[in-house]
Amino acid sequence: MKKRLLLLASMLLAAHKAAEAQQNGGRFLKRIENNYANSVRVIEPDGSVHGMYNFDSKSELEKRFFGDFNAPVEFFVAPSFERSSGLRLYRDSTGNWMLEAKQVTNYREVEDELTKAFPLMSFSAEQFRDSTLIDSSLRHNRAMIRRIRTEAPDRYRIEAKKVPVGEALAKQIYEYTTHLINRYVGSEYPDMVFDGEQITFRSVVGYDLWTLTLHSPRSHEAEKATGLYRQLIADILTGQVIDEEQYIRLLTSCDSRRVVRESQPAATKNPSVQNSRRHSRQ
């Protein structure tokens with residue numbers, strides 16, 4: 001475990017040096033919106049009360065991962081040609097902090113099924129001269145791709161595992177994620193990226209929901225956070241013991257502030273985190 005984290009630290013340093021050479025990355029979207037969708041209150045069997053969560057910023061696949069409530073921290077990776085995975089931090093019904101990792105387990109199977117059900121048209125070099133055929137093929141392919149993207153989320157099987165974590169690591173993850181979203185600034189001219197991966201960081205701050213979505217990010221902090229959270233996902237799903245002190249040190253080294261603010265994590269100041277205590281992933 002420690003060897004893997006040391007290797008990860010070396011990789012993060014290398015990523016920082018590479019990022020210094022090219023900072024742009026693809027386009028990004030940052031949004032702040034209501035955590036609750038409206039004024040309706042939901043009363044749970046245990047007597048807890050919360051609003052109806054706002055899921056407007058979540059894709060259909062993200063709703064499969066995180067569609068039951070908005071956690072204090074959520075992280076989601078959607079590669080172009082690989083399975084998606086995610087991580088979230090929340091309090092369970094007993095008040096303990098939990099890290100839950102999820103990933104799609106049948107990506108290739110679903111892709112094979114859907115490409116057969118909704119085949120794309122191809123054409124030879126000679127057919128490039130036929131503009132009518134090319135236009136028709138492109139329209140057909142765009143329609144098939146839309147059908148594949150619509151059908152795929154419901155067909156995916158999603159594996160989920162969770163582990164309890166201490167207050168210190170929970171605080172560091174929450175503070176680091178909110179800081180990353182808040183301070184992120186895009187480049188003047190984003191790169192033209194046609195595949196790669198889409199990374200989403202999400203955090204509940206007070207009654208607001210903060211979301212930062214990046215297309216193939218190359219910024220120092222975003223790359224580091226992506227690497228660390230992916231490693232957490234891998235450790236949890238493979239049953240590795242989480243070295244909390246080491247992750248705290250790595251997160252602190254990623255953070256441009258170097259030290260975490262002394263304010264308490266969302267558990268004490270964020271009403272949405274209090275509400276998330278009812279969510280116990282059995």
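As the structure is a computational prediction, the values presented were derived from the model and not from experiment. Just so it is clear, the values below take in all heavy atoms, side chains as well, and ignore hydrogens, waters and symmetry mates.
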| said: Checking Glu60 against Lys63 for the salt bridge (Lys or Arg N to Asp or Glu O under 4.0 Å) test, could you report, in this order, the C-alpha distance in whole Å, the side-chain angles of both residues, the deciding distance, and whether it holds? | reply: CA-CA 5 Å; Glu60 291 304 311; Lys63 292 175 187 176; 3.4 Å; yes
| request: Under the side chain to side chain contact (heavy atoms under 4.5 Å, CB included) rule, what do Leu89 and Thr177 come out as? Steps first, then yes or no, please. | output: CA-CA 11 Å; Leu89 172 73; Thr177 305; over 6 Å; no
| Contact summary for Gly166 and Glu244, nearest pair of heavy atoms | N-OE1, 3.0 Å
| request: Under the side chain to side chain contact (heavy atoms under 4.5 Å, CB included) rule, what do Asp235 and Val163 come out as? Steps first, then yes or no, please. | output: CA-CA 10 Å; Asp235 288 346; Val163 296; over 6 Å; no
| task | Report yes or no: do Phe28 and Ile32 belong to one cluster of Ile/Leu/Val/Met/Phe/Trp/Tyr joined by side chain heavy-atom distances under 4.5 Å? | result | yes
| Approximate separation, where rounding is to 0.5 Å, of Asn106 CG and Arg157 CZ | 4.0 Å
| request: Give, for atom CG of Leu138 and atom CE of Met121, the distance between the pair rounded to the nearest 0.5 Å. | output: 9.5 Å
| said: More than 12 heavy atoms of other residues, nucleotides or ligands under 6.0 Å from CD of Glu82: yes or no? | reply: no
| remark: Closest heavy-atom pair, Tyr176 versus Ala225, reported as atoms and distance to 0.1 Å, is CE2-CB, 3.4 Å
| task | Measure the shortest side-chain to side-chain distance between Thr178 and Asn182 over non-hydrogen atoms and say whether it is less than 4.5 angstrom. | result | no
| query | Is Asn35 close to Tyr207 at the side-chain level, that is, under 4.5 Å between some pair of heavy atoms? | reply | no
| field | Sidechain N-carboxylate O distance under 4.0 Å for Glu167, Lys171 | value | no
| field | Asn70 (side chain) donor-acceptor with Tyr53 (main chain) under 3.5 angstrom | value | no
| Minimal non-hydrogen separation, Leu237 against Lys161, with atom names | O-NZ, 3.0 Å
| task | State plainly whether one hydrophobic cluster holds both Leu120 and Phe118, where clusters connect Ile, Leu, Val, Met, Phe, Trp and Tyr through side-chain heavy atoms under 4.5 angstrom apart. | result | yes
| message | Salt bridge check, Lys224 against Glu221: does any charged N sit closer than 4.0 Å to a carboxylate O? | response | no
| Val185-Leu29 co-clustered via ILVMFWY side chain contacts under 4.5 Å | no
| task | Kindly say whether Arg146 contributes a backbone atom to a donor-acceptor pair with the side chain of Thr150 at under 3.5 angstrom? | result | yes
| request: Flag the pair Phe69 / Tyr90 as yes when at least one side-chain heavy-atom distance between them is below 4.5 Å, and no otherwise. | output: yes
| note | Which of Tyr247, Phe75, Phe76 passes ring pair (Phe, Tyr, Trp, His ring centres under 6.0 Å) with Tyr229? It is Phe75
| Neighbour count above 12 (heavy atom, 6.0 Å) for Met52 CE | no
| said: A side-chain contact here means heavy atoms from C-beta on lying under 4.5 Å apart; do Leu87 and Phe65 qualify? | reply: no
| message | Do Ser84 and Tyr156 pair up side chain to side chain, a donor and an acceptor below 3.5 Å, judged on atom types alone? | response | no
| said: Distance check, rounded to the nearest 0.5 Å: Asp56 atom CG versus Glu33 atom CD? | reply: 6.0 Å
| Arg202 side chain reached by Leu209 side chain, heavy atoms, under 4.5 Å | yes
| query | Should Glu109 and Arg83 count as an ion pair when the cut-off is N to O under 4.0 Å? | reply | no
| said: How long is the straight-line distance from NZ of Lys30 back to OH of Tyr184, given to the nearest 0.5 Å? | reply: 9.0 Å
| said: Looking at every non-hydrogen atom in both residues, tell me the closest pair between Ala222 and Leu214 and how far apart they are. | reply: CB-CD1, 3.6 Å
| Greater than 12 external heavy atoms within 6.0 Å of Arg149's CZ | no
| query | Can you name the nearest heavy-atom pair linking Pro79 to Val77, along with the distance? | reply | CD-O, 3.5 Å
| task | Return the minimal non-hydrogen interatomic distance between Ser85 and Ile233, and the atom names on each side. | result | OG-CD1, 3.9 Å
| query | At what distance, to the nearest 0.5 angstrom, does CZ of Phe201 lie from OG1 of Thr226? | reply | 3.5 Å
| task | Look only at the side chain of Arg64 and the backbone of Pro153, and say whether a donor-acceptor pair between them is shorter than 3.5 Å. | result | yes
| message | Quick check: do Glu175 and Leu251 have side-chain heavy atoms less than 4.5 Å from each other? | response | no
| said: Using modelled atom types and a 3.5 Å cut-off, is there a donor and acceptor pairing between side-chain atoms of Tyr174 and backbone atoms of Val204? | reply: yes
| field | Side chain proximity check, Leu250 to Gln231, heavy atoms < 4.5 angstrom | value | no
| Side-chain touch Ile173/Leu232, heavy atoms, less than 4.5 angstrom | yes
| said: Under the side-chain contact (heavy atoms from CB on, under 4.5 Å) test against Arg31, which residue among Ile181, Leu212, Thr211, Thr213 passes? | reply: Thr211
| remark: So CD1 of Ile248 and CD of Gln246: to nearest 0.5 Å the spacing works out to 10.0 Å
| said: Is there a path of hydrophobic side-chain contacts, each under 4.5 Å between heavy atoms, that joins Ile145 and Leu61? | reply: yes
